Amino acid sequence: MAGDVPADERILITLDDLGPETDARPGPPGAPELPAVQAQPGGGTPDAADLPVPSSEPEPQVIDLAPDDLPVWGVRRSTATPAPTRAQHGERTVHRYGRVRVLGRPVDSAVTQALRGISADLAPGDGTIVSTHSLPGGLNRTESLGVEAFRLRASEGYRRRKRSRPRDAAPWDMAHPCTDIAPPRGAGETATPTPTPLRALANGLLADADGNGSGAAPAPLPTLPISSLSGYLEGSVAVGLILVEGPTPALRLTAAERTKIVAEVQNGLSWYATQNPAAELTFSYDIQIVQLPTPANPGATDLEAVWRDPAMSRLGYAPNFDGVYDYVEALRARLGTRWAYCAFVTKYPLGHFAYASVGGPRMVLAADADGWGPDNIDRVFAHETGHIFGAPDEYAGAGCDCGGSWGRYGTPNGNCDSCAPAPVECLMRANTFALCRYTPSHLGWGHGVGGNPVLIQSRGLGVRGNFDAVVPSAFSGLTHVWRDNDATGAPWRDPWQTAQALGRVDAVTMVQSTLANPGPLETVVRVGPRLFFLWRDSTGAYQWRPPVQLAQGVGGVPSLVQSRLGARGNFELLAPAADVGIFHLWRNHDVAGYPWSTPRLFGANLGRVDAVSLIHGTLGGGAGLLEAVALVGTRLVHLTRGQDAVWRTGQTFAEGVSGNPALIQAQYCGARNFEVVVPSAGTGLIHYFRDNNPAQPVWSGPRPFAAQLGHVDAVSLIQSNYSGNLEVLARVGNRLHLLTRSGAAAVWSAPQRVF
């Protein structure tokens with residue numbers, strides 16, 4: 001594990017990577033590329049090692065830089081074992097420095113720590129120390145710094161400093177915001193960024209969702225333009241890192257300081273990649289070292305312009321803010337990325353030690369991060385990158401409030417220190433690698449769901465009854481989206497995040513209870529082997545309450561219902577055990593405090609159960625029976641609990657399925673059939689139903705549909721008040737799709753992308 005981010009990372013060098021990428025500066029559109037102007041310490045021309053040397057290799061080749069006597073991915077290689085020539089399972093490129101790639105895959109930090117406690121030789125990522133001695137032709141400046149930065153992050157000394165970093169989790173204590181608004185392109189020679197309190201930016205910036213004018217319409221605000229350079233933090237991002245040095249030793253960076261800065265940037269952006277793997281972030285770098293003859297001028301009105309303008313001139317651009325725009329645009333074109341921004345790092349005097357333009361195109365950092373120290377540059381850089389992609393400050397000194405409309409989805413700043421009832425840890429609030437429920441939305445993380453979705457049609461929320469859906473986020477906690485069924489076109493509203501303190505959530509189940517009016521959203525989630533309960537108020541602030549642990553030793557997908565048992569309707573909960581059988585818990589709503597029962601195991605004869613779906617049916621007389629469908633391997637088994645409170649195994653009615661089943665009792669006329677939708681083991685979904693009219697009901701099916709979705713991972717099913725339609729919410733990879741079957745025609749619609 002390089003640095004202190006929860007990821008396994010390693011270095012690969014691709015000798016033919018994307019053609020002859022060099023350290024040439026990106027020129028204005030249509031202009032030829034010229035060698036970068038880099039004054040060396042003490043003057044003179046660049047050293048030969050700093051210049052790109054073209055490879056003479058005729059065939060594509062990938063070199064693994066890990067020495068043969070070091071462990072790679074937890075396995076010690078012998079000298080006879082060839083180096084791997086392609087990305088391993090789950091890996092993707094996180095950082096690109098020309099021909100140098102840092103490949104990474106997120107890991108559970110608890111697992112990593114456990115492995116470290118067993119053996120250093122088995123620890124993931126401990127094989128990340130690199131060597132470049134055998135590389136034909138050598139590396140150029142950007143590539144060399146990328147490798148040396150990675151080498152530094154892989155060292156024990158670097159990790160030790162991260163474990164004891166100064167002011168860890170301390171609030172950013174600046175008495176002002178660290179944001180401004182960049183002047184518009186073409187504003188002229190003397191145009192400068194405008195420092196603006198957050199309240200004046202409250203309506204934020206709505207990014208073009210696709211970067212090409214096809215996304216959401218911008219808010220009607222003249223003060224903050226749509227960002228075409230850094231709309232949202234997904235996909236490929238070009239990062240121009242410009243190290244600006246002056247003529248005196250106090251204004252110069254040592255070689256070690258340069259490497260440290262690059263390592264800190266690498267560490268901070270690696271952390272973003274681990275938080276939402278579905279965002280598929282890849283950061284491609286251009287590193288420029290510019291030494292100026294310009295002396296420091298602490299009394300200047302515009303401290304940034306003192307060194308920024310001559311630095312842009314030295315790089316071949318206009319000596320003003322237009323030059324910054326041109327550099328970033330050219331960088332994006334040359335590196336072929338979706339987004340781009342640049343970061344100036346310098347020892348010249350600054351008004352603030354770190355600041356950025358909301359929406360880009362640049363940030364500025366002091367090389368020593370002021371009182372926070374060099375070991376916190378990674379978090380400072382990540383914080384300022386948040387601003388580049390639309391996230392606001394959350395510390396009180398920035399003048400924040402809990403309103404506004406920020407980032408891609410126009411989400412309010414609900415974790416602001418000044419007004420949030422219980423602000424939580426967040427990178428935008430304090431020196432911590434954590435995200436609150438709002439920041440992922442500010443960053444534009446619309447992609448990225450995992451686990452199983454849960455869909456309900458709410459009561460009392462909207463005239464028609466809105467659709468509410470929760471699903472585990474790909475990064476952490478839950479994503480909550482809802483469909484406004486009273487609005488024209490019934491649009492899905494933007495996602496909210498909650499329970500991120502739980503980390504990665506594996507599975508979820510939810511009901512709307514009758515314990516208040518119109519009814520809270522009551523939710524149980526599984527995180528590893530543990531179950532947690534949380535709920536959201538359906539009036540006022542619509543606030544999610546913190547999760548409380550219910551049980552442990554569980555696995556698979558649980559299922560929660562509010563039954564008709566007890567005067568107020570108890571909760572009944574089934575959860576697959578981690579080994580064999582199913583646990584049953586219930587919550588007594590007729591007793592103060594609503595206590596949960598002790599879990600009771602049943603169905604051990606089934607073996608390992610992967611998922612379960614529970615309803616309180618109307619059959620069997622009296623209050624009705626608890627009915628469940630369990631996924632056992634690739635089979636579906638029907639289970640029933642009678643009036644004697646004994647669970648019985650019924651018919652196995654399906655084969656060749658995967659993913660969680662979704663069971664409901666339909667409200668059609670007659671005896672009310674059971675309806676089940678489940679992912680196929682191959683492609684699409686399968687529909688089963690049981691006709692409950694005969695004395696001996698029989699399951700019917702399979703009826704496959706939605707093959708166009710490919711393999712479906714998980715599913716949820718309801719019957720809505722839209723003419724009794726069946727509504728299915730299906731997860732395919734990291735995306736959600738809605739399908740509808742009309743009650744009259746019994747034909748399934750084409751899938752509709754939710755987000």
Side-chain angles (χ1 to χ4, degrees), residues 449-458 467-473 477-482 498-499 502 504-515 519-536 538 544-545 547-563 569-578 582-587 589 594 596-597 599 609-617 626-631 636 639 641 659-665 675-679 713-719 727-731 736:
V449 297
N452 64 293
V454 180
L455 175 67
I456 67 169
Q457 184 168 24
S458 60
F467 288 174
D468 277 276
V470 294
V471 61
S473 300
L478 293 173
T479 296
H480 176 200
V481 295
W482 61 284
T498 190
L502 290 176
R504 182 70 175 266
V505 173
D506 298 293
V508 61
T509 178
M510 180 176 73
V511 298
Q512 183 183 22
S513 76
T514 61
L515 298 176
L521 302 182
E522 315 271 5
T523 306
V524 172
V525 300
R526 178 177 69 82
V527 180
R530 299 179 293 164
L531 287 181
F532 294 86
F533 173 77
L534 64 157
W535 61 283
R536 194 206 75 171
S538 291
W544 283 94
R545 299 318 196 269
V548 177
Q549 184 170 324
L550 295 182
Q552 54 187 359
V554 300
V557 179
S559 186
L560 172 71
V561 299
Q562 184 172 17
S563 72
N570 298 327
F571 285 168
E572 306 285 342
L573 174 65
L574 296 185
I582 302 170
F583 283 117
H584 178 205
L585 300 80
W586 64 284
R587 196 175 81 169
H589 292 158
Y594 299 162
W596 285 90
S597 71
V609 176
D610 297 300
V612 64
S613 183
L614 173 67
I615 64 170
H616 191 177
L626 294 182
E627 313 266 4
V629 170
L631 175 67
L636 293 184
L639 306 167
R641 195 191 78 161
N660 65 296
L663 167 68
I664 66 169
Q665 185 170 19
E675 310 276 350
V676 171
V677 171
V678 63
D713 299 288
V715 69
S716 182
L717 170 67
I718 65 170
Q719 185 176 22
E727 313 272 0
V728 167
L729 189 63
R731 179 176 71 84
L736 295 180

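None of these values were measured; they are calculated from a predicted model.
- For the residue pair V678 and G659, the shortest heavy atom distance occurs at CG2-O, 4.0 Å.
- Side-chain atoms of N452 come within 3.5 Å of backbone N or O of V508 as a donor-acceptor pair.
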Exercise. When you look at L639 and I582, which way does the side-chain contact (heavy atoms from CB on, under 4.5 Å) test go after all the steps?
Worked result: CA-CA 11 Å; L639 306 167; I582 302 170; 3.6 Å; yes

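- S538 and P520 get closest at one heavy-atom pair: OG-CA, 3.5 Å.
- Residues E675 and Q719 have side chains not in contact (no heavy-atom distance under 4.5 Å, counting atoms from C-beta outward).
- In the displayed structure, Q549 atom CD is contacted under 6.0 Å by more than 12 heavy atoms of other residues, nucleotides or ligands.
- Side-chain atoms of D610 never come within 3.5 Å of backbone atoms of V557 as a donor-acceptor pair (strictly under, hydrogens ignored).
- Between the side chain of S597 and the backbone N or O of W586, at least one donor-acceptor pair lies under 3.5 Å.
- Across all their heavy atoms, G451 and P472 have their closest contact at CA-CG, 4.0 Å.
- Distance alone, capped at 3.5 Å, places no donor-acceptor pair between the T523 side chain and the M510 backbone.
- The NE2 atom of H480 sits 4.0 Å away from atom CG of D468, with the distance rounded to the nearest 0.5 Å.
- L585 pairs with exactly one of V524, L560, V554, L573 by the side chain to side chain contact (heavy atoms under 4.5 Å, CB included) rule, that one being L573.
- In this structure, the separation between CZ on F583 and CG on L574 is 12.0 Å, given to the nearest 0.5 Å.
- Proximity of N660 to V715: side-chain heavy atoms (C-beta onward) are separated by under 4.5 Å at one or more points.
- Q562 places a side-chain N or O within donor-acceptor distance of the main-chain N or O of G569, the cut-off being under 3.5 Å.
- Nearest heavy atoms, R731 versus P453: CB-CD, 4.2 Å.
- Using modelled atom types, one side-chain atom of S473 and one backbone atom of T479 make a donor-acceptor pair closer than 3.5 Å.
- From E572, atom CD reaches atom OG of S559 across 11.0 Å, with rounding to the nearest 0.5 Å.
- Closest approach of G556 to P576, counting heavy atoms only: CA-CG, 4.2 Å.
- Side chain of R545 to main chain of P547: no donor-acceptor pair is present (N/O by atom type, distance under 3.5 Å, no hydrogens or angles).
- The distance from the CD1 atom of I664 to the OG atom of S613 is 9.5 Å, given to the nearest 0.5 Å.
- Interatomic distance, CD1 of I615 versus CD of E627, reported as 5.5 Å (0.5 Å rounding).
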Exercise. Between F467 and I718, does a side-chain contact (heavy atoms from CB on, under 4.5 Å) hold up when you go through it step by step?
Worked result: CA-CA 10 Å; F467 288 174; I718 65 170; 4.1 Å; yes

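- Nearest heavy-atom pair, S716 versus L455, reported as atom, atom and distance to 0.1 Å: OG-N, 2.9 Å.
- Within the 4.5 Å cutoff, the side chain of R587 has no heavy atoms near those of the N570 side chain.
- Side chain of T498 to main chain of L478: no donor-acceptor pair is present (N/O by atom type, distance under 3.5 Å, no hydrogens or angles).
- Of the listed residues (L521, V525, V548), just one forms a side chain to side chain contact (heavy atoms under 4.5 Å, CB included) with L534, and that residue is V525.
- Distance alone, capped at 3.5 Å, places no donor-acceptor pair between the S563 side chain and the H616 backbone.
- Ring orientation note: the planes of H589 and F571 are nearly perpendicular, at an angle over 60° on the 30°/60° scale.
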